[in-house]
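Here's the structure, in structure tokens; my notes come after.
FYI, side chains are in, hydrogens and waters are out, and symmetry mates aren't considered; it's all heavy atoms of this structure. These numbers were taken from a predicted model, which means no experiment stands behind them.
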Amino acid sequence: MPELPEVEVVRAGLAPAVTGATITGVSVLDERALTRHAAGAADFVGRLEGRTVRAAARRGKFLWLPLDGDEAALIAHLGMSGQMLLRAPDAPLERHERVRMHVEHPTHGELAVVFADQRTFGSLAVDALIADGPSIVPSQVRHIARDPLDPFFDDLDFVAAVRRRLSAIKRVMLDQTVVSGIGNIYADEALWASRIHPETSADRLSTQAVRRLLGEVRSVLAKALAEGGTSFDAQYVNVNGQAGYFAHSLNAYGRGGQPCPRCGGPIRREAFMNRSSHYCPRCQRRR
DNA sequence: GGGGGTTCCTGTACGC
DNA sequence: TGCGTACAGGAACCCC
């Protein structure tokens with residue numbers, strides 16, 4: 001399940017392969033991969049062919065490739081199970097392949113960039129680039145808050161925004177308009193590390209508690225990034241199809257019934273927002 | 001406009 | 001063995 005570390009691993013893998021490369025051909029095998037591109041497949045292809053990729057950028061879980069001219073970008077959201085894979089130009093179809101782009105790089109030669117997605121929650125689009133303060137982002141990303149690894153992330157604003165909310169802190173952490181990049185896995189991990197119960201109302205957390213939580217969010221994201229991301233159900237892989245190792249370092253997520261690494265009590269798994277929360281009822285007391 | 005619930009989707013795991 | 005069902009969850013969307 002790609003969250004910030006996984007998307008960043010993908011971005012970093014794509015960057016050297018596509019920066020400076022020209023898009024020579026695009027095949028859309030499944031239009032459901034273009035739900036973010038309202039104008040349809042022919043328009044999508046027309047806006048990409050012949051263009052040169054300038055870079056690979058990211059905010060939260062959104063990834064984009066700015067195109068020459070600086071007016072538009074190819075954006076990608078991996079959803080639950082999306083993968084961006086680098087393949088030889090004549091490589092056979094991937095399982096669940098939705099879109100294939102052929103690119104020609106001035107030094108690396110020809111390459112196929114494949115978007116594969118089992119559960120089809122992911123999607124690509126060509127979108128206009130717009131200014132967002134000091135940043136340039138696709139219009140579809142404008143409402144997404146900066147992520148905690150963004151140099152322009154404002155810690156004080158974040159603490160204040162969280163403490164204004166009347167919802168459960170975990171719901172607030174998953175709200176991409178408050179802070180981006182955090183999904184179910186890293187929300188559970190950061191809450192465990194901060195000893196905060198996921199159902200705690202955000203407005204009842206002290207400034208210090210929210211600051212500590214933000215520190216733990218940054219810490220868990222950085223550690224996951226260093227280990228290549230979390231590959232929990234084999235859906236997430238890097239651009240070469242390799243899994244990440246952070247699943248071995250999880251303390252709470254996916255460990256329902258197993259002993260808490262801190263106190264030894266059983267980790268509890270509970271339904272929460274149509275998904276699951278994993279926490280230690282002993283270390284993470286409900287206020 | 002905040003808050004909270006629903007919906008989209010497919011492969012896998014599991015119970016009967 | 002085979003069938004049915006629950007489950008995984010990011011984010012847009014809807015209603016209150």
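- In this structure, Phe246(A) and Lys223(A) have side chains that are in contact, with non-hydrogen atoms separated by less than 4.5 Å.
- At a threshold of 4.0 Å, the pair Lys170(A)-Asp188(A) counts as salt-bridged, since one of the basic side-chain nitrogens sits closer than that to a carboxylate oxygen.
- In this structure, Tyr253(A) reaches the sugar-phosphate backbone alone: every heavy-atom distance under 4.0 Å involves primed, P, OP1 or OP2 atoms, never a base.
- A salt bridge is defined here as a Lys NZ or Arg NE, NH1 or NH2 lying under 4.0 Å from an Asp or Glu carboxylate O, and Arg59(A) with Asp132(A) meets this definition.
- In this structure a side-chain-to-backbone donor-acceptor pair under 3.5 Å is missing from Asp30(A) to Glu97(A).
- As judged by a 4.0 angstrom heavy-atom cut-off over every strand, Asp117(A) is placed among residues making no nucleic acid contact.
- For DNA chain B, the span of nucleotides reached by chain A at under 4.0 Å from its heavy atoms goes, 5' to 3', from dG3(B) to dG11(B).
- Among the heavy atoms of the strands lying under 4.0 Å from Arg171(A) is at least one base atom, whether or not backbone atoms are also near.
- Leu78(A) comes within contact range of no nucleotide atom at all, as no heavy-atom separation falls under 4.0 Å.
- Within 6.0 Å of the CD atom in Gln258(A), the count of heavy atoms belonging to other residues, nucleotides or ligands exceeds 12.
- With contacts defined as side-chain heavy-atom distances shorter than 4.5 Å, the pair Val113(A)/Leu85(A) does not qualify.
- Every ring pair (Phe, Tyr, Trp, His ring centres under 6.0 Å) that His197(A) has, sequence neighbours left out, goes to Tyr279(A).
- Using N1 to N3 plus N6-O4 or O6-N4 for Watson-Crick, or N1-O2 and O6-N3 for G-U wobble, each under 3.5 Å, dA6(C) pairs with dT12(B).
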Assign a letter to each nucleotide of nucleotides 11-16 of chain C from its 5' end: B, base within under 4.0 Å of a protein heavy atom; S, sugar-phosphate only; -, no contact. BS----
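- Summary of the strand contacts: Ser167(A) and Asn274(A) both lie near DNA chain B, and taking for each the nucleotide with the nearest heavy atom, the more 5' one is attributed to Ser167(A).
- If you check the side chains of Ser206(A) and Arg211(A), you find no donor sitting under 3.5 Å from an acceptor.
- Across the protein-nucleic acid pair, Arg59(A) atom CZ and dG10(C) atom C1' stand 18 Å apart, rounded to whole Å.
- One can place CG of Leu63(A) at 17 Å from P of dG10(C), the figure rounded to the nearest angstrom.
- Within the nucleic acid shown, Ser276(A) comes within 4.0 Å of sugar-phosphate atoms alone, with no base atom in reach, counting heavy atoms only.
- Classification of the Phe158(A)-Phe153(A) ring pair by plane angle, with boundaries at 30° and 60°, yields tilted.
- With rounding to whole Å, Glu6(A) atom CD is found 13 Å from dG10(C) atom C1'.
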